[in-house]
Structure formats: C-alpha cells, structure tokens
*Asks:* 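I'd like to ask you about the structure that follows.
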Amino acid sequence: MCGPGPYSPAGVRLTCRQPSFSTLSGGTRGLDMRLGLALGYWGRGPDPHHLELAQEAERLGYHSVWTAESWGSDAFTPLTWLAAHTTRIALGTAVAQMAARTPTATAMQALTLDHLSGGRMMLGLGLSGPQVVEGWYGRPFPKSPLTATREYVEVIRQVLNREAPVRLDGRYHPHPYAGPDATGLGKPLKPIVHPLRADLPVLLGAEGPKNIAQTVRIADGWLPLYWSPSRTELYQATLADARDGFMVAPMTQVRVCADVAEGLKPVKAMLGFYIGGMGHAARNFHADLMARFGYEAEARRVQELFLAGRRAEAIETVPDAFADEISLVGPRERIAERLELWRKGPITDLLALAPDLGTLRVLAELAG
C-alpha cells in the first residue's frame, strides 16, 4: 500500500493511496470473521510485551490492534508507538473516552495518526460512566448520553469531511461556543490539515439497547464490551438494520490452558472490577449488562461485596458460567469447538485480549 513518501513516524517518507472504507473497516457482513489484538490499557506501567505481541499479530495476519484508556495511560500515544513499529496492521482505539477530549481534539489526533500510519486508523469511542467522567475528568456526566454521543460523532464527521467550517447548534458540543460566558469572538473553523480519509471509521462502545440502536445509525461499527455467542438474539433486531460494512467487534479474553477453571480466573477478576468497581451501586452500566445476560442477582451481589471492600469475595462470586460464555478459555480443542459458535453470529471482528504469544498463534491457526 505504501512506498517512499512524506511523514512516517520512523523518518521514512511514505506515499500511500487512500484505502477504501470496505478495505479497512469491515468489508461486507457475512465474510469470514477477522482477528484483532486488544491490548487494553496499562496497569502500573507500560507492558514490555505489547510491541512484541502487536508485531507478531501483524506477522500472523491479524487485521487490527487496539489500545484503550481508563484513568492512567492514554489510548493514542501507545497506538502511535505501535504504528511506528508496524507496517500493515490496522490501528484502533477501543476505546478512547469522549470526556477526555473535545470532539475536535479527538478528530485532530485521529486524522494525524491516520496520516502518519498511511491510512490505518480506526477511531473507537466510549462515553464511560459518571464516576470516571466526573471523578477523573472533572466534567458533568451528560443528562442525555445519547444526545452527547450523537453530537460528538457529528463534530468529528464534520472535521474529517472538511467540507465547511465546523458548525453545530448542540446541547453539549456547540460550535462555535456561544454560552453565557462566551466572548462572542468564536469563529467557525475547519482543519488546516486535509484528512487522509473522510470515511475514517468511527466505532462506538455501547452497552444499553438504545445506545446500540443509535450506534447502528450513526457509526461505522460497534465495540461490545461483553459478547456471548449463545445470546445473539439479544441484538438480532437492532443489528438487522446495520448496513453492509458495519463492524461488530467484541473484545474477549482468549487463553490457551489445560485447566479451564484456572484460565477463567483473570476473566472473573476483570468482571469483578468492572461490575463492582466501575460505577456506583445505583448506576453501573456493566452490572446492568450482566443482568441482561440473566445474572441480575449475581451482579448485584458482586457490586455489594466489591463496594464493601471484599474484593476477593466479589471476584469469586462472579459465576464461572458467565465468565466462560464471554471468553475463549481452555485447551486448544475446546477453543476450536467454541470458536465455531462465534463464527456463526453477526461478528465481523474478534478482538482478542490474548496474554501470550502462544495463544496469539493458536488463535490465528484456528481462525485461518
């Protein structure tokens, strides 16, 4: 796709043809499920294995690699580092938090990285929850999350289209700003840089039914947090309206191991943290999602224990059955059998939270 030309992160000049939307961001629904590598966000510090995993994923033919953010490392800087050390693999944020940046700032980062990577960028966005938005970013959580999300995406679309200066008479993201404390000097602007692709894919991390329905209408793809291949009927009606090329790209933990129960422990730890700690007892989107999967009593108990400081008990309370149905864990033969269930649904891309090179390779062999 690329030859010598301007502005690669490694100092090599790159000239790249503009990829088509279907080439990079989803193709046609019904094609074979593609693989992506989800690296998540950092813990106490950078993971020294992430670059090795991304480079091996590219070598194995994985379609994409994704980074994330919570309240520590950001999503774009590690992705730029990966872009500089790879050549073909698509680059995505799963997810970048909307509260962290204005929509124009997010669009600037996306279009910049798209240029630097030769058209490999995919922008995954998430609203996060009140605890993070107000506690970490110091901003009010929107009273109408659907409206806030829709306006955010609209501004980004305008920036990427670059057809005219950005204008939006919005409730949450007005452009120009005209609030009671405005100077009145705000001027509609369009980006100085010409975006490489007006159709740079925008995906949304959505959990509630209304949010998912809106995602199908306004975005190029959906990033489910939890996905059960045995419960696709939960989304059948909503996804029926998805157009060709719409990505359905759930993240799931994948681990090749002899002992299923042992392999599920990291999955349960993740679920315990998200369901118990990523939200308030009265407003936790992750707990609500677990309840829709049929585990309402268990979800509320996990919350209760986690918020009481009994984290080990909270994690242990997460049902093995729930952890198992949203992950791919166990011996190679078991993963191969269960992978067929994932292929039969509407998924276009399986984003694997794969912790080691061996698992990465096995998954590539099974999906090949």
*Asks:* Please walk me through it: do Y41 and D74 pass side chain to side chain contact (heavy atoms under 4.5 Å, CB included)?
*Replies:* CA-CA 7 Å; Y41 45 79; D74 77 289; over 6 Å; no
*Asks:* Considering only NZ, NE, NH1 and NH2 on the basic side and carboxylate oxygens on the acidic side, decide whether E325 and R231 come within less than 4.0 Å.
*Replies:* yes
*Asks:* Please assess Y137 against Q97 for the test side chain to side chain donor-acceptor pair (under 3.5 Å), listing each intermediate value before the final yes or no.
*Replies:* CA-CA 10 Å; Y137 293 115; Q97 295 177 327; 2.4 Å; yes
*Asks:* Does R120 come within less than 4.0 Å of D114, counting only side-chain N to carboxylate O?
*Replies:* no
*Asks:* Less than 4.0 angstrom from a charged side-chain N to a carboxylate O is my criterion; do E163 and K190 meet it?
*Replies:* no
*Asks:* One thing to verify: whether E337 and R334 come together as a salt bridge, which I'm taking to mean a side-chain N less than 4.0 angstrom from a carboxylate O.
*Replies:* no
*Asks:* Suppose the criterion is salt bridge (Lys or Arg N to Asp or Glu O under 4.0 Å): which pairs have a residue in residues 145-158, not counting sequence neighbours?
*Replies:* R157-D220
*Asks:* Considering residues at least two apart in sequence or located in another chain, which fulfil the salt bridge (charged side-chain N to carboxylate O under 4.0 Å, His left out) criterion with R171?
*Replies:* none
*Asks:* Is there a donor in the side chain of T102 and an acceptor in the side chain of Y152, or the other way round, less than 3.5 Å apart?
*Replies:* no
*Asks:* Salt bridge check: are E296 and R301 linked by an N-O gap of less than 4.0 Å?
*Replies:* no
*Asks:* Around M270, counting heavy atoms of other residues, nucleotides and ligands shown, do more than 12 lie under 6.0 Å from its CE?
*Replies:* yes
*Asks:* Is the distance between the ring centroids of W222 and Y235 under 6.0 Å?
*Replies:* yes
*Asks:* May I ask you to decide whether R310 forms a salt bridge with E304, counting only side-chain N to carboxylate O separations under 4.0 Å?
*Replies:* no
*Asks:* Does a side-chain N-to-carboxylate-O contact under 4.0 Å join R300 and D288?
*Replies:* yes
